[in-house]
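Down below is the structure, laid out as structure tokens.
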Amino acid sequence: MAILITEQFKCDADQLWAIVGTPDRVDWVPGVKDCVFDGEVRTLFLPGAGKIKERILDRDEALRTMSYSCFDSPVPLDSHHASIEVRSNAGGCELIWKTTVVPEATEPFIKQSKMGALAQIASIIENLN
């Protein structure tokens with residue numbers, strides 16, 4: 001089973017991509033206070049919870065797509081793969097965010113984190129306009 005989130009935003013696709021498609025930008029990720037990106041791995045620091053390491057598998061600026069895999073987390077994961085895509089549409093743009101994770105028992109936690117991220121993205125976009 002996979003987590004699939006599609007969310008419409010009333011902004012230009014490039015504006016949304018600048019937020020979610022920049023590997024070391026973390027102002028939209030709940031609980032993350034800092035990030036170090038070495039060009040391949042981003043390390044997210046969560047005060048009181050530890051750190052998360054994600055490998056950026058591919059990133060296409062023109063298509064506004066990125067995929068990544070978490071390989072070090074305070075929550076035990078057997079496998080994790082996620083992709084982000086930003087598409088232009090008549091209403092602005094759409095974020096398509098897919099994640100597959102094992103064990104499946106972690107899905108509710110990951111989905112809750114994503115919902116928090118969507119709220120933070122909406123707040124950032126509201127402040128842009």
Side-chain angles (χ1 to χ4, degrees):
M1 192 164 159
I3 301 165
L4 173 61
I5 293 176
T6 59
E7 186 77 16
Q8 178 69 32
F9 291 94
K10 292 182 181 182
C11 68
D12 182 78
D14 288 334
Q15 288 177 305
L16 179 58
W17 178 246
I19 298 167
V20 300
T22 304
D24 59 350
R25 183 169 179 173
V26 295
D27 58 337
W28 63 280
V29 185
V32 175
K33 298 301 176 202
D34 196 15
C35 175
V36 173
F37 180 57
D38 68 8
E40 179 185 349
V41 173
R42 65 178 168 193
T43 304
L44 308 171
F45 297 94
L46 297 91
K51 64 184 175 183
I52 295 172
K53 289 189 176 187
E54 298 174 334
R55 181 168 280 104
I56 305 302
L57 302 172
D58 70 48
R59 184 176 178 279
D60 189 313
E61 188 76 25
L63 294 176
R64 295 186 209 97
T65 61
M66 181 170 64
S67 65
Y68 60 96
S69 179
C70 180
F71 64 92
D72 186 9
S73 168
V75 176
L77 299 173
D78 295 330
S79 69
H80 173 280
H81 184 270
S83 64
I84 290 175
E85 180 179 0
V86 176
R87 293 182 187 165
S88 293
N89 61 32
C93 63
E94 181 179 41
L95 173 65
I96 299 105
W97 197 357
K98 300 175 189 173
T99 303
T100 55
V101 64
V102 175
E104 287 184 18
T106 61
E107 286 184 6
F109 170 77
I110 291 172
K111 188 170 184 179
Q112 180 181 3
S113 295
K114 290 180 181 301
M115 299 311 286
L118 293 175
Q120 285 187 218
I121 293 166
S123 177
I124 292 168
I125 288 171
E126 185 177 305
N127 291 328
L128 292 176
N129 299 325

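Below, all heavy atoms of this structure are taken into account, side chains as well, without hydrogens, waters or symmetry copies.
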### Query
With a 4.5 Å limit on heavy-atom distance, are the side chains of Val29 and Gln120 in contact?
no
**Study point:** Flag side-chain contact, heavy atom, 4.5 Å: Arg87 against Arg64
**Key:** no
Value for SG (Cys70) from NE2 (His81), rounded to nearest 0.5 Å, stands at 12.5 Å
One should read off an interatomic distance between Asp58 CG and Ser83 OG, to the nearest 0.5 angstrom, of 9.0 Å
### Task
Show your reasoning for whether side chain to side chain contact (heavy atoms under 4.5 Å, CB included) applies to Leu95 and Ile121.
CA-CA 11 Å; Leu95 173 65; Ile121 293 166; 4.3 Å; yes
dist Cys35:SG -> Asp27:CG (nearest 0.5 Å) comes out at 11.0 Å
- Query: So, the side chain of Gln8 versus the backbone of Cys93: is there a donor-acceptor pair under 3.5 Å, distance only?
  - Reply: yes
| said: Quick check against the 3.5 Å criterion: does Ser67 have a side-chain atom that pairs as donor or acceptor with the backbone of Ala82? | reply: no
Interatomic distance, CH2@Trp28 vs CD1@Ile124, rounded to 0.5 Å, equals 9.0 Å
Leu4 vs Ile96 side-chain heavy atoms within contact, under 4.5 Å:
yes
Between Pro103 and Pro76, the two heavy atoms sitting closest are CD-O, 3.7 Å
Is Lys53 close to Phe71 at the side-chain level, that is, under 4.5 Å between some pair of heavy atoms?
-> yes
Output for pair (Ile5 CD1, Lys111 NZ), nearest 0.5 Å, gives 6.5 Å
Scanning both residues in full, the closest heavy-atom pair of Ala2 with Glu107 reads N-OE2, 4.2 Å
Taken to the nearest 0.5 Å, the spacing of Ile110 CD1 from Ile3 CD1 works out to 5.0 Å
Okay, side chain of Ser113, backbone of Phe109: is any donor-acceptor separation there less than 3.5 Å?
yes
Scanning both residues in full, the closest heavy-atom pair of Val41 with Asp38 reads N-OD1, 2.6 Å
Q. Is the count of non-hydrogen atoms from other residues, nucleotides or ligands lying under 6.0 Å from Lys98 atom NZ greater than 12?
A. no
Please assess Trp17 against Leu63 for the test side chain to side chain contact (heavy atoms under 4.5 Å, CB included), listing each intermediate value before the final yes or no. CA-CA 10 Å; Trp17 178 246; Leu63 294 176; over 6 Å; no
*Decide side chain to side chain contact (heavy atoms under 4.5 Å, CB included) for Ile125 and Lys10; before the verdict, give the C-alpha distance in whole Å, the side-chain angles of both, and the deciding distance to 0.1 Å.*
CA-CA 8 Å; Ile125 288 171; Lys10 292 182 181 182; over 6 Å; no
Start with the C-alpha distance between Trp97 and Val20, add both sets of side-chain angles, then the distance that settles side chain to side chain contact (heavy atoms under 4.5 Å, CB included), and finish with yes or no. CA-CA 10 Å; Trp97 197 357; Val20 300; over 6 Å; no
| task | Please examine the side chains of Ile52 and Glu54, heavy atoms only from C-beta on, and report whether any two atoms are closer than 4.5 Å. | result | yes
Q. In the single-linkage hydrophobic clustering (I, L, V, M, F, W, Y; side-chain heavy atoms under 4.5 Å), do Leu77 and Phe45 co-cluster?
A. no
Closest non-hydrogen atoms of Pro47 and Gly31, given as atom of the first, atom of the second and distance, are CD-O, 3.5 Å
message: Closer than 3.5 angstrom, by distance alone: can the side chain of Arg42 be matched with the main-chain N or O of Pro23 as a donor-acceptor pair?
response: yes
